[in-house]
Amino acid sequence: MSLLVQKFGGSSVADAEKLLHVSNIIKAEWEKGNDVVAVVSAQGGTTDALIEKARELSAAPAERELDALLSTGEQASAALLAMALESVGVGAASLCGWQLPILTDGRHGDASITHIGKARVRAETDARKVVVCAGFQGVDAAGDVTTLGRGGSDYTAVALAYELGAERCMIYTDVDGVYTADPRLCPTARRLERVSYDDMYALARAGAQVLHDKCVSLAREHGVEPEVLSCAPGSRSTRVAETGEGAEVTGVTRRAAGGGEYAAVTLVGGALPSLKLEKRAILALDAAGITVRGVDAGERTLTLYVDRNRSREALCAIHDAVIPSA
Ligand code: ASP
Ligand code: MG
């Protein structure tokens, strides 16, 4: 019997049907006798919609109130998932950040977790209940609700996995792992079996949406090995751990730059920065008729700046030039 942390992102809990699907994924583990602590994001689109509502009232809403508002998205999905679990015959209890508690510093909108109370979770799992934690939130020393930064539910999941000594930390997302590039943008991207903490961190910082950067730092610090997978039956996965696959380039990602006018396409891997790879990337852009606006070398990274409207083509051209096909 083990304790598992299973985190479900916003698209996995977007509606009743998906919540029931997730409940059955949890139930399958729970029926084997495992204790399950689920962590949920807000239902897809909810956080953006709440930010929009705040902006209708103020260009710069008070950070304390914005956190109070945004945390409701995860509070709602946690309660809904607990109801869905009950409806498939699994006892469940939802808990907000302040109820555990998940203590954080006072940096509203980008708080860091300082401590997690374990007694309440243990009491629930001892009673054979699945605990559904609201991700992305905590409470500071003043008793105010804080949020952990966009995508922060991953961070909640890794922190819980570490604090509770979980056997596995499973991060369910829309894709069945970490790819050499976002497979929705680049059809030749392939799934990685393993990614090193260092590369995953660099990918997260460079714009890969798959895992939150603070979550990767915490995982590295404590040796938690998150598994990224999808909700599809028999999903394959990627494990994030000390060592990756050892290729020169692990992945390529993009993000907006220069106030949105440009895009930064970043190559990540143990061989970077490298003049040879830089030349290869520039030649590939040249062949695609894409102008390079600038180049930046960083730790395990090489970034090329291109016009925003060519960023997807640039991503795929560079990907295909620097990552050997399987
Ligand atoms: N709901 C938050 C966001 O959209 C946190 C998360 O999804 O992890 O950023
Ligand atoms: Mg995410």
Side-chain angles (χ1 to χ4, degrees), residues 5-15 18-19 22 37-55 61 63-82 94-100 102 104-105 107-113 116 131-140 145-162 169-175 178 182 184 200-201 203-219 224 226-231 240 253 255-256:
V5 170
Q6 297 186 303
K7 181 257 169 177
F8 299 93
S11 54
S12 306
V13 296
D15 55 35
K18 289 185 169 168
L19 283 161
V22 161
V37 174
V39 176
V40 285
S41 290
Q43 291 184 294
T46 300
T47 307
D48 288 333
L50 290 171
I51 291 171
E52 200 43 53
K53 275 184 195 289
R55 294 257 158 81
E63 292 178 320
R64 177 183 184 278
E65 304 312 334
L66 192 60
D67 276 359
L69 179 67
L70 297 189
S71 65
T72 63
E74 273 70 12
Q75 177 169 353
S77 51
L80 289 168
L81 180 56
S94 69
L95 293 174
C96 292
W98 61 267
Q99 287 175 296
L100 272 110
I102 294 176
T104 72
D105 62 19
R107 269 177 79 106
H108 284 289
D110 188 28
S112 292
I113 297 172
I116 294 183
V131 174
V132 186
C133 289
F136 174 61
Q137 58 179 266
V139 58
D140 69 11
V145 172
T146 53
T147 64
L148 308 176
R150 295 306 303 267
S153 300
D154 299 337
Y155 177 38
T156 306
V158 168
L160 277 165
Y162 163 64
C169 178
M170 303 159 89
I171 309 277
Y172 289 85
T173 170
D174 344 346
V175 277
V178 180
D182 186 335
R184 292 166 296 197
M200 196 64 241
Y201 183 78
L203 283 166
R205 299 286 292 184
Q209 302 277 312
V210 60
L211 281 185
H212 190 277
D213 56 353
K214 276 191 282 192
C215 139
V216 182
S217 305
L218 189 71
V224 174
E227 297 160 59
V228 179
L229 70 174
S230 84
C231 291
V240 185
T253 184
R255 68 183 185 285

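As the structure lists them, so they are numbered: ligands from 1, and atoms in each ligand from 1.
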- Item | Carboxylate-amine/guanidinium contact R107 D67, below 4.0 Å | no
- Query: Is G151 in polar range of ligand 1, meaning some N or O pair under 3.5 Å apart?
  - Reply: yes
- Minimal heavy-atom distance between D105 and D140, with the atoms involved, is O-CB, 3.6 Å
- Sub-4.0 Å heavy-atom contact, G152 with ligand 1: yes
- Query: Is there at least one pair of N or O atoms, one from D154 and one from ligand 1, spaced under 3.5 Å apart?
  - Reply: no
- Query: Hey, which atoms in ligand 1 end up nearer than 4.0 Å to a heavy atom of R150?
  - Reply: 3 (C), 4 (O), 9 (O)
- E74 heavy atoms, cut-off 4.0 Å: which ligand 1 atoms fall inside? 1 (N), 2 (C), 5 (C), 6 (C)
- Closest approach of T173 and S12, non-hydrogen atoms and distance? O-OG, 4.4 Å
- Between K7 and ligand 1, is there a nitrogen or oxygen pair with a distance under 3.5 Å? no
- Heavy atoms of other groups near R255 CZ, more than 12 under 6.0 Å: yes
- Task: Give a yes or no answer on whether the side chain of E74 reaches the backbone of A42 with a donor-acceptor pair at less than 3.5 Å.
- Result: yes
- Item | Least distance between heavy atoms, L70 atom then T147 atom | CB-CG2, 4.4 Å
- Message: Below a 4.0 angstrom heavy-atom separation, can you tell me which part of H212, side chain or backbone, both or neither, approaches ligand 1?
- Response: neither
